[in-house]
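Below is a structure I'd like to ask you about.
Side-chain atoms are counted along with the backbone in the values below, which use heavy atoms only and exclude waters and symmetry mates. What you are looking at is a predicted structure, and each value in this text was computed from that prediction instead of being measured.
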Amino acid sequence: MTKFNSTSPNPSNDNILAVNLIRQKLQQVYLQEPDAKEELLETNNTPSSLSPHQQFMYNLGRSGKSLAEIQTAWHNYYVELPDNQKHQVWQEFYEEHNRRSRTALATPIKPVAPAQPIQTFTGMPALKFDRRTVTDIKRQLLKHVSKRPNQKKGGHLQSLLFGLSSGFVVLAILLFGFFNERFIAPFISPSKTVSATAIIIDPNSTTSVGPEPKIIIPKINVEIPVVYTEPSVEENAVQKALEQGVLHYATTSNPGELGNGAIFGHSSNNILNKGDYKFAFVLLKRLETGDTFIIQKDGKRYVYRVFAKKIVKPEDVSVLGDTQGKSATFSLITCDPPGTSLNRLVVTGEQITPDPNANLASTAKPVESQPKILPSNSPSLWQKITNWFSS
C-alpha cells in the first residue's frame, strides 16, 4: 500500500495540515474499530502488499460470509488486538483514506447513471465509495467533537449550592474534631461522686473498705475504678483497658509493695469514643505538693502525699522506675496539654498510710524490653478520619 507523508511532493501544504488534523480528531472520536466496509476497500491491493490485518479482511471478504457476519468477525478480531496494533490498524485506515482523498481532489467527479449492484467476492454487493472531500470530513469531525449538551436552566446555581454545602459539612467536621478535644473536653469534670472523702485517713481507723479497686483524688473530685487485670503494655491493649477506668501499668509495683507503681489515665479524648472515663485525669495538673490521693485495692486503703510534679516527653520512660530515697511511691500519669499527646504530666506521691516499712517486695514482672514511649490519649477524631482514608 502506498504510504503518504509530509515530504511527498504531490499534496499541497494545506492538504497536509488538513490530513494531520483529521488524524488527531479520529484518535479522539473513533474509539472502536474502523468500519468493516472501509477495511474491505483496503484489500483491493495485491495480497503480497497487505498487512496482517488487511490479510485477515481479505480472507473474510472471500469466505462467503454476509456483510453482518464479516462485521462481527472483524469486531471480535479487533478487540483482541493490543493497543499498539489497534493504532496500526487506524494508521492503515488513515493512509488508505488519504490516498483516495488525493484521487478525489485530482479527478473531477462525473455523474454516473444508476446501475445494478456488481457482485464481488462471493455474491456480496459492491461497496459504495466515500465521495466526501477532506474539507467535508474535517468540518463534520469538528462539529462532532465540539458538540456539547446544553446546561439546564438553573444548573449553575445548583452546582454552586452543592459545592458550598459540601464545603460547610467538611468544615463542620474539622471544627468539631478540633474544638471537641481542645476546648470542650478540658472543661468536663470527670466525676461528681466524691463528696466527703477525708484527705488523710487515720491508719488506725476501722472504716471498712469495699473490694472494688479504685483511686480517689479529693482535691479534683475524682473517684474512678483502677484496672489491674491487663498484663500487656502494648498500646492497643492499654487503650482498650482505659475504657473501663484508669490503668495500673503491669511493669510497676502494686499498692502495698515496695518500689514505684504507675497509673495511667486519659486527660481528654474524642467524646465519640467508647468508655466512661475519657476525662479521668483532665484536672490532674491542679494537684500540688502536699495534696493527697488514695488507692484502694483488696479491701485496703493506701494514702499517698504528692511530693513531685513534672512534665516529660513521651519517650521518658524513666518515670516508671523507683524514686531514689523513697521506698514506696505511686505516679499518676496523663497527657499534657489536655487534648494532645505532646507531653506527659507525672504527679508522684509517697505512701504515708499505712507505714510503708511493712510493705512487701514488688511482685511486678517487667517485660523483657521496657516500652519506648509512654501511653497516650486515644486517636483523635481527625486522626481516625485520616487513618480511615489512608487504609
Side-chain angles (χ1 to χ4, degrees), residues 181 185-186 188 190-191 212-217 220 222-255 257 259-270 273-287 293-297 302 304 306 308-323 328-349 351 362 364-367 369-380 383:
E181 290 152 15
I188 297 179
S191 173
E212 301 86 2
K214 63 175 66 177
I215 183 171
I216 302 171
I217 311 176
I220 59 175
V222 163
E223 183 174 351
I224 295 177
V226 181
V227 178
Y228 290 93
T229 56
E230 179 53 63
S232 175
V233 294
E234 294 295 329
E235 183 70 15
N236 290 338
V238 169
Q239 295 299 333
K240 186 67 176 178
L242 286 172
E243 295 176 7
Q244 306 170 39
V246 293
L247 174 68
H248 170 257
Y249 210 57
T251 61
T252 64
S253 298
N254 288 287
E257 297 178 351
N260 182 51
I263 290 179
F264 286 90
H266 286 314
S267 65
S268 177
N269 213 322
N270 175 15
N273 283 353
K274 296 179 180 179
D276 298 327
Y277 307 98
K278 296 184 282 287
F279 314 105
F281 283 170
V282 66
L283 303 179
L284 190 65
K285 62 183 177 181
R286 294 186 182 180
L287 294 186
F293 59 88
I294 302 162
I295 300 176
Q296 295 183 175
K297 185 178 185 293
Y302 303 88
Y304 297 83
V306 175
K309 181 172 74 170
K310 58 184 176 180
I311 294 176
V312 300
K313 291 297 181 182
E315 299 80 14
D316 188 0
V317 296
S318 65
V319 296
L320 301 176
D322 296 342
T323 302
T329 59
F330 241 90
S331 296
L332 310 182
I333 305 175
T334 191
C335 289
D336 186 82
T340 73
S341 296
L342 299 177
N343 301 310
R344 302 293 183 269
L345 171 65
V346 184
V347 176
T348 305
Q351 181 180 328
S362 176
K365 298 179 180 179
V367 292
S369 58
Q370 192 74 288
K372 296 181 180 180
I373 188 170
L374 298 172
S376 67
N377 282 325
S378 294
S380 66
Q383 288 172 325

K309, NZ: over 12 other non-hydrogen atoms inside 6.0 angstrom:
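Yes.
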Do the side chains of T251 and V233 get nearer than 4.5 Å, heavy atoms only?
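Heavy-atom side-chain distance check passes, below 4.5 Å.
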Yes or no on side-chain contact (heavy atoms from CB on, under 4.5 Å) for K297 and N254, after CA distance, side-chain angles and deciding distance?
CA-CA 9 Å; K297 185 178 185 293; N254 288 287; 4.1 Å; yes
Please list, chain by chain and in numerical order, all residues satisfying ring pair (Phe, Tyr, Trp, His ring centres under 6.0 Å) with Y302, sequence neighbours excluded.
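Expected list: none.
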Show your working on side-chain contact (heavy atoms from CB on, under 4.5 Å) between I263 and Y249 and close with a plain yes or no.
CA-CA 6 Å; I263 290 179; Y249 210 57; over 6 Å; no
Contact check, side chains of F281 and F264, non-hydrogen atoms, under 4.5 Å:
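Contact flag for F281/F264 side chains = no.
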Looking at CD of Q296 and NZ of K214, how far apart are the two atoms once the value is rounded to the nearest 0.5 Å?
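It is 6.0 Å, given to the nearest 0.5 Å.
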Crowded around E235 CD? As in, over 12 foreign heavy atoms under 6.0 Å?
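Check passes, neighbour count above 12.
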Results of salt bridge (charged side-chain N to carboxylate O under 4.0 Å, His left out) for E243 - residues two or more places apart only
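If we apply the salt bridge (charged side-chain N to carboxylate O under 4.0 Å, His left out) test to E243, skipping adjacent residues, the hits are K240.
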Closest heavy-atom contact between V346 and S331?
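Heavy atoms only, the tightest pair is CG1-CB, 4.1 Å.
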Looking only at non-hydrogen atoms, find the nearest pair between T252 and A262 and report the distance.
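That closest heavy-atom pairing would be OG1-N, 3.1 Å.
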In Å and rounded to the nearest 0.5 Å, what is the CG to OG distance from N260 to S253?
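Spacing of CG (N260) from OG (S253) equals 7.0 Å.
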Going by distance alone, is a donor N or O of one side chain under 3.5 Å from an acceptor N or O of the other, for T348 and T329?
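No donor-acceptor contact under 3.5 Å links the two side chains.
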Atom pair CD1/CG of I311 and D336 - distance to nearest 0.5 Å:
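Separation between the atoms: 4.0 Å.
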I want to check something: taking the side chain as every heavy atom from C-beta on, are V222 and L283 in contact at a cut-off of under 4.5 Å?
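When only atoms from C-beta onward are counted, L283 and V222 do not touch, as no gap falls below 4.5 Å.
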At what distance, to the nearest 0.5 angstrom, does CG of L284 lie from CD1 of I217?
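Between L284 CG and I217 CD1, I get 5.5 Å after rounding to 0.5 Å.
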Provide the closest heavy-atom pair for E230 versus L247 in the form atom of the first, atom of the second, distance.
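Minimum heavy-atom separation between E230 and L247: CB-CD1, 3.9 Å.
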Test your reading of the model: is there a side-chain donor-acceptor pair from R344 to the backbone of L374, 3.5 Å cut-off?
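The answer is yes, because a donor-acceptor pair under 3.5 Å joins these two groups.
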Hey, what do you get for CG (D322) to OG (S362), rounding to the nearest 0.5 Å?
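Going from the CG atom of D322 to the OG atom of S362 covers 7.5 Å.
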Indicate yes or no: at least one non-hydrogen side-chain atom of Y304 is less than 4.5 angstrom from one of P255.
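They are in side-chain contact.
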Does any donor atom in the side chain of K313 or N343 lie under 3.5 Å from an acceptor atom in the other side chain?
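Yes, N343 and K313 have a side-chain donor paired with an acceptor closer than 3.5 Å.
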In terms of relative ring orientation, are F330 and H248 parallel, tilted or perpendicular, with 30° and 60° separating the classes?
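The arrangement is tilted - the two ring planes meet at 30° to 60°.
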Working to the nearest 0.5 Å, report the span between CG of L242 and OG of S376.
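Rounded to the nearest 0.5 Å, the CG-OG separation comes to 9.5 Å.
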Sole residue of T334, I224, I333, L332 in side-chain contact (heavy atoms from CB on, under 4.5 Å) with V246:
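For V246, the side-chain contact (heavy atoms from CB on, under 4.5 Å) test succeeds with only one of T334, I224, I333, L332, which is I224.
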What heavy-atom pair brings V238 and S232 nearest, and what distance separates the two atoms?
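It is CG2-O, 4.2 Å.
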Taking ring pair (Phe, Tyr, Trp, His ring centres under 6.0 Å) as the definition, give me every residue that meets it alongside Y277, ordered by chain and number, with sequence neighbours left out.
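With sequence neighbours excluded, Y277 shows a ring pair (Phe, Tyr, Trp, His ring centres under 6.0 Å) to no residue whatsoever.
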